[in-house]
Undergrad: 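Dumping the structure here so I can ask a few things about it.
Per chain, numbering begins at 1; letters A, B, ... match sequence-line order.
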Amino acid sequence: MNRFQFRTEMIRSELEDIVGQHFVSVDESDKLVYSTDWSWMPQMWLDRGQPLPTPDYIVHPESAEQIAEIMDIANKYRIPVVPWGGGSGTQGGALPLFGGILVDTKRMDKIIEIDEVSLKVTAQAGINGEQLEWALHEKGLMLPHYAAASRCATLGGYLAPRGTGTISTKYGKAEDMVLNMQVVLPTGEIIRTAPVPQHAAGPDWPRLFLGAEGTFGIITEATMQLDYLPEARLLRAVLFDDLSKALEAGRRIMTRRLHPFVIRLYDPESTRSQVKKVLGLDYEGAYMVMGFDGDPDIAALEEQKALAICTELGGQDVGREPGETWWEHRYDFYYPPLSLHLPWMYGTTETVTTYDKIEPLYWAVKRAVEEGFPQWNIRFIAHFSHWFHWGVMCYSRFIIEEPPADAQEALQLHNRVWQAAMQAVIDNGGMINEHHGIGVKLGRYMRQQYGDAWPFMLRLKKMIDPNGIMNPGKVGFGF
Amino acid sequence: MSLDNAVLTTDNCRYCLMCRHVCPVGHVTRLETLTPHGWGLLISSVQRGLATWTDSAVDKLYSCADCGTCQSHCVTDQPLPAAIAEARADVAAAGLAPAHVVALNQTIERWGNPYREQEPEAVSGTGDVALFVGDEALYLWPDGLQAALSLLRAAGIDPVLIGAGRNSGYIPSSLGFPETARRLAAANLADLQASQATMLLTLNPGDAYVFGTLYSERLGIDFPANVELKEVTALLAERLAAGDLKLRRGAGGPPYAYIDPAHTSRMAGRDAAPRQLLAAVMPAPGRELFWRRERTHPAGSTSLRFANPMIAEHLTYARLGDARAAGAQVLICEDAGTLNVLASLAPRFGLTIQGLYELLAEQLEGTQGN
């Protein structure tokens, strides 16, 4: 036995002392499966027969207390801790790039309380999103974070990257639904945030853990605001021949304080390709789905007002069926082979900005991608799906159907396309991401995104995680 | 399923997480590796030279319950369970299958079932309607079989019994022994032909799935086109609705729940008939389990009870826990395999297990019921 083996076994034994032998794995097949999440880079690497960095230990704790003890071990041996929920991140936020202890939170999946008076649920962070939703439905309630990844993501995974769901336009992002959280800090303390988020008792520090993607600690429990399942959901589609007018229609609907639960606006290329392929709807132009829910009378009235705005701007009402079709099949886009799939190269360069900048930004990113890589027959598609009072998110994607066969060459090309897209985003006043998070993929843009504020964030990281054990290489915090 | 199709399926499933929420094994183990995505990635990685079939990897391959819940929730209908069975067949052909699984297959090859060292029974005669008995109903829950026959006779049907004491072929197919499965399928279909029946009844959705789907999709054997395939519960519900079966309502009793049998998710809409039958005889509506109808989880009675008994037992515990959480004191099912595994552990949960067919037979008009 050499020193390395001795250390490896010591750490393993100490982890087993905490969670039990059955809940620590060093098995190669487990390591393989935990080496990739839902992001393109690791999947491509494996697809081309190339192994990936793996965790040294996969640990399945059942409590915050056990995670706190795991933090102690990681600090003692100065090894990484990588939180893992459903593994559904698209930015590489859960990749164990530097080995260490991968903490799978899925054993922490209990619903602690459903409060039908204040409409809130308290649950452990490892609970599956859809299973939580089903449990709430039994009581006529919903957690209105309807993310495409709900079927695989965990509650903690909703919050860590500041996720957004398909009905966010009315109900907000996942972060807007959090009332309070329990977090295990990298230094091993278990803390709980204030019972409610809206107050004036000092700065809003709990939000530090939202979007930190596990670099500031592990969210182990959350209390989330709920809603009643709506009495009515009215869906409708409108077709615009001009994307600009469609964006203006969305802006007017939002700034006039109508409350659609969804506005899904596909650009003409996405309408021609994705909408036709997945939904079977054959349209030219920009296909927009609008939805209003809740009290049937109020929903109908709001829908009528929104439709009038669309019609005034040249939108053609194509009726309920194309809207309802989208709602029924809204997640079909993510099932293979309908989804983007290997050996293609693809990336979701989604962004958010204010209404005054959104259209120039869209065209700038589209030009940067399409004109920067014509030799690869690159395609650019986009839709606008999360609308705020002040602006909208643009969910743009690039696709190359015949990328380089060599994994390293493919990765280099991938990074160059991302660079072109992100530079266009930053130059045009956009954020480098709206809801998938930063992960490992976008970390290199954080300094540029935040400018003078970035050193402040680095100091925060150093203070919260002095040994740099938490999820190294993510959110731009280095290794 | 051909090897090419199996590769296509595992390549589709290896990075897809969209059925994670319904996988029973993933739910009870909470292990990423033991989910449809994990199995898909493991198989595709072996094909790419990134992994090998070590004992541990083979153990994981044999941890899928083959319940079909993933496929039935897949928008693009990826036949992952069949692809896993195909990968198991490759592993078995290479001599790498677990020893207990190999031994089990030898038992099935010899006796036609894994439960008793006894030859299958001959076809009981000829007639328009045949009932596939199989091995579980005969050996694991014989009272249910007798009760089902009473109900059918009360409804004017006296079926020819076929395949009594013989596995449908599901177990060897699932565990990677398609040739054994083909021999059983051929014998069962020969029984069916000998019976001259034009309708084949099954006692549970699992057998209906095997005859209606598995034979053709996994084994390349067609079910005869001139034979109608139907579950006993569906037939009884039809006869009840038509007034051809008379059941009386029972007296009050403790809260109960119906537990959907394994493979329910593979048979769309089959969950209605048992509930209709129960509604006719029970004085009050039953509780509903969380894992019910199209999202039901098996109770540990699929091929998993042989491949990985420990995980299968976890599934049994989970279903009993589900029933207790729903407030049920009595758990009702018609599937012999499900009843068998539940009964062994139910007392620990303070639950009573009740066969659906027996319950209904007690309420036949003209019999002494409670």
Undergrad: Report the option among B:Val22, B:Leu17, B:Leu42, B:Leu34 that has the most heavy-atom pairs separated by less than 4.5 Å from atoms of chain A.
TA: B:Leu17
Undergrad: For residues A:Asp27 and A:Ser25, is any side-chain donor paired with an opposing acceptor at under 3.5 Å?
TA: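 No, no side-chain donor-acceptor contact under 3.5 Å.
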Undergrad: Any carboxylate oxygen within less than 4.0 angstrom of a Lys/Arg side-chain nitrogen, looking at B:Arg14 and A:Asp47?
TA: yes
Undergrad: Under 4.5 Å heavy-atom distance to chain A, tell me which part of B:Gln78 shows up: side chain, backbone, both or neither.
TA: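 Side chain of B:Gln78 only, per the 4.5 Å heavy-atom cut-off to chain A.
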Undergrad: Given a strict heavy-atom distance threshold of 4.5 Å, which part of A:Glu28 is in contact with chain B: side chain, backbone, both, or neither?
TA: neither
Undergrad: Between A:Ala148, A:Gly129, A:Gly49, A:Ser150, which shows the greatest number of heavy-atom pairs under 4.5 Å with chain B?
TA: A:Gly49
Undergrad: Identify which of B:Thr54, B:Leu41, B:Leu50 forms the greatest number of heavy-atom pairs closer than 4.5 Å to chain A.
TA: B:Leu50
Undergrad: Do A:Arg12 and A:Tyr57 form a cation-pi contact, if we require the NZ or CZ to be under 6.0 Å from the six-membered ring centre and within 45 degrees of the ring's axis?
TA: no
Undergrad: Tell me, for B:Trp39 versus chain A, whether the close heavy atoms (under 4.5 Å) come from the side chain, the backbone, both or neither.
TA: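 For B:Trp39, neither part sits under 4.5 Å from chain A.
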Undergrad: At what distance, to the nearest 0.5 angstrom, does CG of B:Leu175 lie from CG of B:Asp66?
TA: 8.5 Å
Undergrad: Kindly state whether the ring of A:His329 and the ring of A:Trp326 have centres lying under 6.0 angstrom apart.
TA: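 Judged by ring-centre distance (under 6.0 Å), A:His329 and A:Trp326 do not meet the cut-off.
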Undergrad: Given heavy-atom pairs under 4.5 angstrom as the criterion, report whether the side chain, backbone, both or neither of A:His60 touches chain B.
TA: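 Side chain of A:His60 only, per the 4.5 Å heavy-atom cut-off to chain B.
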Undergrad: Which bit of A:Glu138 is near chain B, if near means a heavy-atom gap under 4.5 Å: side chain, backbone, both or neither?
TA: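 For A:Glu138, the contact with chain B is made by the side chain alone.
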Undergrad: Between A:Asp104 and chain B, which part of the residue has a heavy atom less than 4.5 Å away: side chain, backbone, both or neither?
TA: side chain
Undergrad: Given heavy-atom pairs under 4.5 angstrom as the criterion, report whether the side chain, backbone, both or neither of A:His137 touches chain B.
TA: neither
Undergrad: Is there a donor-acceptor contact under 3.5 Å from the side chain of A:Tyr34 to the main chain of B:Glu32?
TA: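 Answer holds: yes.
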Undergrad: Sort A:Tyr334 into side chain, backbone, both or neither according to what part of it lies under 4.5 angstrom from a heavy atom of chain B.
TA: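 For A:Tyr334, the contact with chain B is made by backbone and side chain together.
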Undergrad: Does any backbone or side-chain atom of A:Tyr331 lie under 4.5 Å from a heavy atom of chain B? Answer side chain, backbone, both or neither.
TA: both
Undergrad: A:Trp38 versus chain B, heavy atoms under 4.5 Å apart: side chain, backbone, both or neither?
TA: side chain
Undergrad: With a 4.5 angstrom heavy-atom cut-off, is it the side chain or the backbone of B:His37 that approaches chain A, or both, or neither?
TA: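 Only the side chain of B:His37 comes within 4.5 Å of chain A.
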Undergrad: Go through the atoms of A:Ala153 and report whether side chain, backbone, both or neither lie under 4.5 Å from a heavy atom of chain B.
TA: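 No part of A:Ala153 comes within 4.5 Å of chain B.
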Undergrad: Against chain A, label B:Leu31 side chain, backbone, both or neither, depending on which of its atoms sit under 4.5 Å from a heavy atom there.
TA: both
Undergrad: Check whether NZ of the Lys or CZ of the Arg A:Arg107 lies under 6.0 Å from the centre of the six-membered ring of A:Phe23 and within 45 degrees of that ring's axis.
TA: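 Yes; both conditions hold, so A:Arg107 lies above the ring face of A:Phe23.
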Undergrad: With a 4.0 Å cut-off, would you call B:Arg275 and B:Glu288 a salt bridge?
TA: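 Looking at B:Arg275 and B:Glu288, the cut-off is met.
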Undergrad: For A:Lys277, does the NZ atom have more than 12 heavy-atom neighbours from other residues, nucleotides or ligands under 6.0 Å away?
TA: yes
Undergrad: Who among A:Glu130, A:Gln131, A:Lys106, A:Gln43 has the most heavy-atom pairs with chain B under 4.5 Å?
TA: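 The residue among A:Glu130, A:Gln131, A:Lys106, A:Gln43 with the greatest pair count is A:Gln43.
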Undergrad: Look up atom OG1 in A:Thr54 and atom NZ in A:Lys31, then write down how far apart they are to the nearest 0.5 Å.
TA: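 Atom-to-atom, A:Thr54:OG1 and A:Lys31:NZ are 5.0 Å apart.
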Undergrad: Any carboxylate oxygen within less than 4.0 angstrom of a Lys/Arg side-chain nitrogen, looking at B:Arg292 and B:Asp322?
TA: no
Undergrad: Where on A:Asp109 is there a heavy atom nearer than 4.5 Å to chain B: the side chain, the backbone, both, or neither?
TA: side chain
